[in-house]
Protein chains: 2
Amino acid sequence: MSILSIVPGYEPEDNPGRRKGKGAARMALRHAVLAALLDEELSGYQLAKSFGLGVANFWQAVPQQLYAELPKLEREGLVAGRKVVQEGRPDKRVYRVTDLGLAELERFAAATDKPSVIRDDLMVKVQAADHVDTGILIARLTERAALAQARIELFDKLLRTMRGDATEEEYLRHGARIGPYLTCLRGLAFERGNHAWYERTVAVLRERGGSGGDVSQAVP
Amino acid sequence: MSILSIVPGYEPEDNPGRRKGKGAARMALRHAVLAALLDEELSGYQLAKSFGLGVANFWQAVPQQLYAELPKLEREGLVAGRKVVQEGRPDKRVYRVTDLGLAELERFAAATDKPSVIRDDLMVKVQAADHVDTGILIARLTERAALAQARIELFDKLLRTMRGDATEEEYLRHGARIGPYLTCLRGLAFERGNHAWYERTVAVLRERGGSGGDVSQAVP
DNA sequence: GGCGGATAGTCAGTGAATTGAGTAGTCAGT
DNA sequence: ACTGACTACTCAATTCACTGACTATCCGCC
């Protein structure tokens with residue numbers, strides 16, 4: 001049993017404030033879409049492209065999901081679509097959030113939500129570090145470190161763009177649209193945490209040497 | 001367009017190393033289960049309860065998923081089940097990872113995986129901070145900060161339990177089972193990051209005062 | 001004058017995640 | 001004798017997330 005005993009165990013998530021009625025439960029993507037459309041009127045295509053900054057360092061979706069979600073939101077009156085005839089390229093349909101959509105966001109914000117967790121294949125791999133090849137893990141971790149570095153730079157650039165000339169403190173105090181700025185800050189810190197952990201983990205695995213694998217035969 | 005232009009945009013994820021054949025794509029839970037069973041022989045029930053420490057600060061599942069997954073893994077020969085007759089309580093079936101399961105984990109570890117992202121309702125809410133009630137956001141953030149604090153303490157306790165008398169450096173160099181220790185470290189750092197961000201965000205929102213909402217009428 | 005690439009979007013399908021409800025035995029209280 | 005809590009698991013249903021394959025127009029390139 002050992003460690004197993006100090007952990008609180010599975011609890012049926014008895015959130016009293018949540019509607020646990022019929023269908024509805026987390027209904028997630030829709031709110032991310034609403035949040036993304038708050039500051040700009042966008043088409044599905046534009047949304048898909050931009051769904052990696054505004055909202056999407058913490059919520060990702062492929063275009064098809066968005067194309068499916070937008071008409072659904074429109075039917076419910078949460079967004080309003082408008083056809084834009086273009087020349088030189090296909091027509092498009094742009095959407096903006098309606099008052100009803102804003103109210104829905106407000107309602108959504110009021111609900112207490114379950115805490116977020118990291119969900120990551122690489123963590124599963126590291127969890128098994130004592131049983132799988134160390135070299136492979138180091139390779140994966142190194143890949144990720146590079147990726148994290150790239151994302152750090154991207155976030156940094158985004159933040160500088162958003163705040164313009166102002167310092168961070170100034171912007172947070174007086175700037176417009178702090179929402180995106182704040183979430184971007186979280187994204188940046190997250191990636192910094194990732195990067196640091198990747199490097200540390202690589203260092204630890206390296207120091208232990210032995211290209212690893214089965215720990216039961218580790219005595220030569 | 002403004003910010004939209006500096007972001008790299010949607011790329012079709014052209015990972016050349018990934019099998020993009022028929023069904024398989026991420027097939028995630030199975031590997032988490034395998035990793036969780038590496039160090040202990042557990043029943044579905046025990047796994048469900050412990051699936052919040054070993055593996056599960058980065059992978060979560062409800063009991064039903066595990067009960068569904070275990071026989072599936074057994075049919076494929078990746079785990080071996082064994083009936084344990086108990087007195088005073090119902091019989092149970094405990095599972096351990098087979099050599100084939102270990103090989104599967106190894107294969108899994110070799111595949112490059114897509115980077116993890118935070119996926120969190122609360123981030124969506126903060127993204128909309130300029131348009132929804134600030135008081136509500138502060139309430140949610142405060143809840144989360146408390147929760148993060150609790151998790152920080154839990155991780156801390158887990159880490160101390162795992163390393164016993166040794167210091168962290170010693171344990172990372174010479175200890176057995178660093179896998180769980182390393183992932184736990186990531187979990188701890190993540191929660192610390194969360195906590196810091198929650199507090200900072202609350203502070204920012206407080207300082208801006210105005211119980212928020214529509215920014216277009218923000219000039220009194 | 002055909003090819004690649006961008007814009008703009010649709011359709012069909014699978015497996016994974018989540019929810020809800022139920023079964024069945026043991027034990028501690030009141 | 002009944003309630004509730006814990007162990008141990010099962011079944012059914014729904015909803016999400018994601019993948020892959022497709023249509024169509026226009027532009028620039030060589």
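Below, chain A is the first sequence line, B the second, and so on; all start at residue 1.
Per the geometry, CG belonging to A/D91 stands 12 Å off P belonging to D/dT25, to the nearest Å. Between the CG atom of A/D121 and the C1' atom of D/dC18 there is a distance of 14 Å, given to the nearest Å. Distance, A/Y45 OH to D/dC26 P: 16 Å, rounded to whole Å. Atom NZ in A/K49 sits about 13 Å away from atom P in C/dG9, given to the nearest Å. Summarising the geometry, the separation between NZ on B/K92 and P on C/dT23 is reported as 25 Å, rounded to the nearest angstrom. The CG atom of B/L70 sits 14 Å away from the P atom of D/dA8 (whole-angstrom rounding). Atom-to-atom, CZ of B/R119 to P of C/dA16 comes out at 16 Å; the value is rounded to the nearest Å. Atom CD of B/Q65 is separated from atom C1' of D/dT10 by 15 Å (rounded to the nearest Å).
Positionally, the nearest nucleotide of DNA chain D for B/R93 lies more toward the 5' end than for the other of B/R93 and A/E69. Toward the 5′ end of DNA chain D lies the nearest nucleotide of B/V94, the other residue of the pair B/V94 and A/G88 mapping further downstream. Between A/P71 and A/P90, the one whose closest nucleotide on DNA chain C sits nearer the 5' end is A/P90.
If you check C/dT19, D/dA8, D/dC18 against the side chain of A/K114, the one that comes closest is C/dT19.
With 3.5 Å as the limit, one finds a donor-acceptor pair spanning the side chains of B/E153 and B/Q149.
Pairing for D/dC6 is with C/dG25, a Watson-Crick or G-U wobble pair whose two hydrogen-bonding atom distances lie under 3.5 Å. With a cut-off of 3.5 Å on both Watson-Crick or G-U wobble distances, the partner of C/dT19 is given as D/dA12.
Look at B/E74 and B/R93 and you find a salt bridge, because one of the NZ, NE, NH1 or NH2 atoms lies within 4.0 Å of a carboxylate O, short of that distance.
Atom CG of A/N194 sits about 10.0 Å away from atom CG of A/L147, to the nearest 0.5 Å.
Look at B/Q86 and you won't find any side-chain N or O under 4.0 angstrom from OP1 or OP2 of C/dG25. Distances shorter than 4.0 Å separate none of the side-chain N or O atoms of B/S43 from OP1 or OP2 on D/dT7. Under 4.0 angstrom from either OP1 or OP2 of D/dC9 there lies at least one side-chain N or O belonging to B/Y67.
With sequence neighbours left out, the side-chain hydrogen bond (donor to acceptor under 3.5 Å, both in side chains) criterion links A/R96 to no other residue.
Within the 4.5 Å cutoff, the side chain of B/R163 has heavy atoms near those of the B/Y181 side chain.
Taking 3.5 Å as the limit, the base of C/dG13 and the side chain of A/Q64 contain no donor-acceptor pair of atoms between them.
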